[in-house]
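In what follows, chains carry the letters A, B, and so on, assigned in the order in which the sequence lines appear, proteins first and then strands, with residues in each chain numbered from 1.
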Protein chains: 2
Amino acid sequence: MGKQATEMLKGTLEGIVLALLSGRAAYGYEITAWLRDQGFTDIAEGTIYALLIRSEQRGLVDVEKVPSEKGPPRKVYSLNAQGQDYLNEFWRTWSFLSERLEQLREGGR
Amino acid sequence: MGKQATEMLKGTLEGIVLALLSGRAAYGYEITAWLRDQGFTDIAEGTIYALLIRSEQRGLVDVEKVPSEKGPPRKVYSLNAQGQDYLNEFWRTWSFLSERLEQLREGGR
DNA sequence: TCCAACTACTCAGTGACGCTTAATACCGGT
DNA sequence: ACCGGTATTAAGCGTCACTGAGTAGTTGGA
């Protein structure tokens, strides 16, 4: 991904992670690895952790500390009701933006 | 648009404006009005001007001062070759992001 | 045994971007 | 003379992703 990606990810990355969490609970290291797998090769380690902490402070996710077989305990995050509302709102905003952009790309204007 | 829009616009708004300019030259006031028309009702007056100045400083657009029939002279911006390259790169990044998001929305993961 | 590699999380500092708000300026109509 | 629409500029703010460094536990090889 290009250098423009950093700015474009703002706001979107949060939605991506919450969408992932709406499917299943996950912990930071796992999410980072998954994102890398999906092609987000430049996502920095620390970025996801910061994002998760922000989401927790806003009450969008619930956390449970789970001991790991290998390494320090994991903080497993899951989307709660408020987070689901927020995610729905995210999809609405994304749809709006996406439609405008697609319209601009084809036909132009 | 919701409150999430502000963050999601980062990086994207620039692409939107450059895409518009790739179709035809335009000046700040006009662009702002057009965006409002397109549903970006919350776009602040000053935002577009700042964006245009940034784009100019990066050499993505050319500027021409044109007297207006009604009001102060207009600064008419048009996309140059470097700006077109940048715009192409923008579309690549957008496509990537868009595909991931669409994939996440359907099926999930 | 020691050390490298992998797992897993934390935190302080940085830069870019869009937003807010206010100011400046030119014009036409009343 | 004043007001509203046109048109641009600029200073200060908050949020987010990135950087880079640090802490810690586990596993496997030299």
Mind checking whether B:Phe96 and A:Phe40 have parallel, tilted or perpendicular rings, split at 30° and 60°?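 B:Phe96 and A:Phe40: perpendicular rings.
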When you look at A:Glu89 and B:Lys3, which way does the salt bridge (charged side-chain N to carboxylate O under 4.0 Å, His left out) test go after all the steps? CA-CA 9 Å; A:Glu89 172 71 16; B:Lys3 315 99 249 132; 3.4 Å; yes
Would a single hydrophobic cluster contain both A:Tyr29 and A:Val66, if residues Ile, Leu, Val, Met, Phe, Trp and Tyr are joined by side-chain heavy-atom contacts under 4.5 Å?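 Result: yes, single cluster for both.
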Shared hydrophobic cluster, A:Phe90 / A:Leu18 (ILVMFWY, side-chain heavy atoms < 4.5 Å):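 The answer is yes; both residues are in one hydrophobic cluster.
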Do any side-chain nitrogens or oxygens of A:Arg54 fall under 4.0 Å of OP1 or OP2 in D:dT15?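 Result: no.
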Nearest to the side chain of B:Arg58, heavy atoms from C-beta on, is which of C:dG18, D:dC18, C:dC17?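 The nucleotide sitting nearest to the side chain is C:dC17.
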What's the closest nucleotide to the side chain of A:Leu51 if the choices are C:dT20, D:dC16, D:dA17?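 That would be D:dA17.
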Length of the line joining [X]:[atom1] and [N]:[atom2], which is rounded to integer Å:
X	N	atom1	atom2	result
B:Tyr86	C:dA16	OH	C1'	10 Å
A:Phe40	D:dA17	CZ	P	12 Å
B:Leu35	C:dC19	CG	P	10 Å
A:Leu9	C:dG18	CG	P	14 Å
B:Leu97	D:dC16	CG	P	17 Å
A:Ile48	D:dC18	CD1	P	8 Å
B:Leu60	C:dC17	CG	C1'	15 Å
A:Ile43	D:dA17	CD1	P	8 Å

Quick check: any donor-acceptor pair below 3.5 Å linking the side-chain of A:Lys10 to the base of D:dT15?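 Between D:dT15 and A:Lys10, which were checked side chain against base, a qualifying N/O pair under 3.5 Å is absent.
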Answer yes or no: is there a donor N or O on one side and an acceptor on the other, between the side chain of A:Ser22 and the main chain of A:Ala19, under 3.5 Å?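 The answer is yes, because a donor-acceptor pair under 3.5 Å joins these two groups.
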Where along nucleotides 3-11 of chain D does protein come under 4.0 Å, by heavy atom, of base (B) or sugar-phosphate alone (S), with - for untouched nucleotides? ---BBBBB-
Side-chain donor-acceptor pair under 3.5 Å between B:Glu64 and B:Tyr77, yes or no?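 Result is no, nothing qualifies.
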Option from A:Thr6, A:Leu13, A:Val17, A:Leu9 for which side chain to side chain contact (heavy atoms under 4.5 Å, CB included) with A:Thr47 holds: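 One option only clears the test, and that one is A:Leu13.
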